[in-house]
Asker: 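Sharing a structure with you now.
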Amino acid sequence: MSAIGELARGAIAALVLAATAAQAAEPQAGPPAGPPAAMLAVLRVCQDPNNLPFSNRGLQGFENKIAALLAADLGWKIEYTWYPQRMGFIRNTLRAKNPGSDTYKCDLVTGVAAGFDMGANTRPYYRSTYAMAYVKGKGLDGMHTLEDLLTLSPEKRATLRLGVFGGSPVTDWLLQHGLIDKMVSYQAQSGDADRYPGEMVEKDLAHGAIDIAFIWGPIAGYFARQSTAVPIVAVPLKSQPGLQLDFEIAMAVRFGEAEYKKRIDDAIERNRPQINAILAQYGVPLLGQPERAAAR
């Protein structure tokens, strides 16, 4: 998704739903055909098969766990449609029909930035922020803000390699403070389904290819906890005037399925404590309670 404002919103979706920006060019769907999702008694989720900490085929991601929690609450079975969250994700999942049928492949996308415009948003179920991650004991201990970068000695700054996804809000800050030549730019939408955004922390940061990773907080927090080779510190970053770093995350259903969306909204509300507990287990930086007003 982004760059401050619309661009910043875009960057989150690029990591949470990596195909969103590209999918915006897809034609809008008309009213849903076939039986409404609410009548099916099956929670059919659309998820990425290889995008931890969010989801994978092994059902190890927090979106996997939260989807299972909602299905149990509703008394429904759960089924999955897997597709990499890149260009064409919505077209091939939420809007795709099963061959020879009027039913859709899946009915619920479990992670979108609030305001996502290719489906009806549920109420947000968490709010998080960008983070910076670095290896402890390499001269960066005690860094807690973006401004702390500017307090490093010129000699230390000269050696830094700063990993950042193109279009993220942090990119603008680095540009404004003369650190563009220190940036190692990453592409959120890789054409390789075996690649995932968390590799910036899990591999490149841990192995010394970069010194600091600026990345969506849930990714930073999870891979910092998972790291065994080196101690990784993940520091949540605070928004500041003109620089929004925190965003709310919702789910999405097809437009026109108000009853189904209400059931999902109600299940989210009933299970907020359990959802928060799952997110905490994965090291997700949580910022207060998201707004509970019904979304689009």
Side-chain angles (χ1 to χ4, degrees), residues 1-24 111-118 121 123-134 140 142-154 156-158 160-189 197 200-201 205 210-221 224 233-250 279 284-293 295-296:
M1 310 175 343
S2 128
I4 312 282
E6 284 305 311
L7 195 51
R9 187 182 299 281
I12 295 300
L15 296 177
V16 176
L17 182 59
T20 298
Q23 292 158 356
V112 301
F116 175 74
D117 64 1
M118 297 185 68
N121 293 194
R123 294 185 178 94
Y125 66 99
Y126 74 97
R127 176 171 162 246
S128 192
T129 186
Y130 272 82
M132 63 177 171
Y134 54 82
L140 297 171
M143 288 189 55
H144 300 293
T145 68
L146 289 171
E147 286 69 24
D148 287 341
L149 275 174
L150 307 179
T151 68
L152 297 173
S153 69
K156 181 64 176 177
R157 284 205 305 274
L160 291 178
R161 294 155 300 172
L162 310 176
V164 61
F165 281 95
S168 84
V170 177
T171 302
D172 284 356
W173 188 93
L174 295 174
L175 289 170
Q176 292 166 10
H177 291 84
L179 294 169
I180 184 172
D181 59 329
K182 306 304 174 190
M183 289 170 47
V184 178
S185 184
Y186 287 74
Q187 183 179 2
Q189 293 192 45
M200 181 198 286
V201 179
L205 180 63
I210 57 175
D211 301 298
I212 302 176
F214 294 101
I215 196 167
W216 182 227
I219 299 173
V233 178
V235 181
L237 297 171
K238 292 183 179 180
S239 294
Q240 50 189 262
L243 181 63
Q244 183 181 358
L245 296 171
D246 62 282
F247 297 87
E248 291 184 330
I249 303 301
L279 294 168
V284 174
L286 295 176
L287 304 182
Q289 285 289 351
E291 294 294 329
R292 298 196 177 193
R296 309 172 48 235

Asker: Find the distance between NE2 (His177) and CG (Leu149) and round it off to the nearest 0.5 Å.
Answerer: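 Those atoms lie 9.5 Å apart.
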Asker: Between Val284 and Ser128, what is the shortest heavy-atom contact and its length?
Answerer: CG1-OG, 4.1 Å
Asker: Can you name the residues that form a salt bridge (charged side-chain N to carboxylate O under 4.0 Å, His left out) with Arg157, not counting sequence neighbours?
Answerer: none
Asker: Could you tell me which residues satisfy side-chain contact (heavy atoms from CB on, under 4.5 Å) with Ser185, sequence neighbours excluded, listed by chain and number?
Answerer: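 side-chain contact (heavy atoms from CB on, under 4.5 Å) check on Ser185 returns nothing, list empty.
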Asker: With sequence neighbours excluded, tell me which residues meet side-chain contact (heavy atoms from CB on, under 4.5 Å) with Ile180.
Answerer: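 Partners of Ile180 under the side-chain contact (heavy atoms from CB on, under 4.5 Å) test: Leu175, Met183.
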Asker: Kindly compute the distance separating CG (Asp211) from CG (Leu205), expressed to the nearest 0.5 Å.
Answerer: 8.0 Å
Asker: What's the spacing between Ile249 CD1 and Tyr126 OH if we round to 0.5 Å?
Answerer: 4.5 Å
Asker: Taking only residues two or more places apart in sequence, or in another chain, which ones meet Ala131 in a side-chain contact (heavy atoms from CB on, under 4.5 Å)?
Answerer: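 Ala131 satisfies side-chain contact (heavy atoms from CB on, under 4.5 Å) with Ala220 only.
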Asker: Gln187: which residues meet the side-chain contact (heavy atoms from CB on, under 4.5 Å) condition with it, sequence neighbours left out?
Answerer: none
Asker: Got a second to check how far Ile210's CD1 is from Met200's CE, nearest 0.5 Å?
Answerer: 5.5 Å
Asker: For the residue pair Phe247 and Tyr130, categorise the inter-ring angle as parallel (less than 30°), tilted (30 to 60°) or perpendicular (more than 60°).
Answerer: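 Plane angle over 60°, so perpendicular.
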Asker: Can you name the closest pair of heavy atoms from Ala213 and Val201 and give their distance?
Answerer: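 Smallest heavy-atom distance, with atoms named: CB-CG2, 4.0 Å.
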Asker: Which residue, Thr171, Asp172, Val170, forms the side-chain contact (heavy atoms from CB on, under 4.5 Å) with Leu174?
Answerer: Val170
Asker: Check ring pair (Phe, Tyr, Trp, His ring centres under 6.0 Å) between His144 and all other residues, then give those that pass, not counting sequence neighbours.
Answerer: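 Expected list: none.
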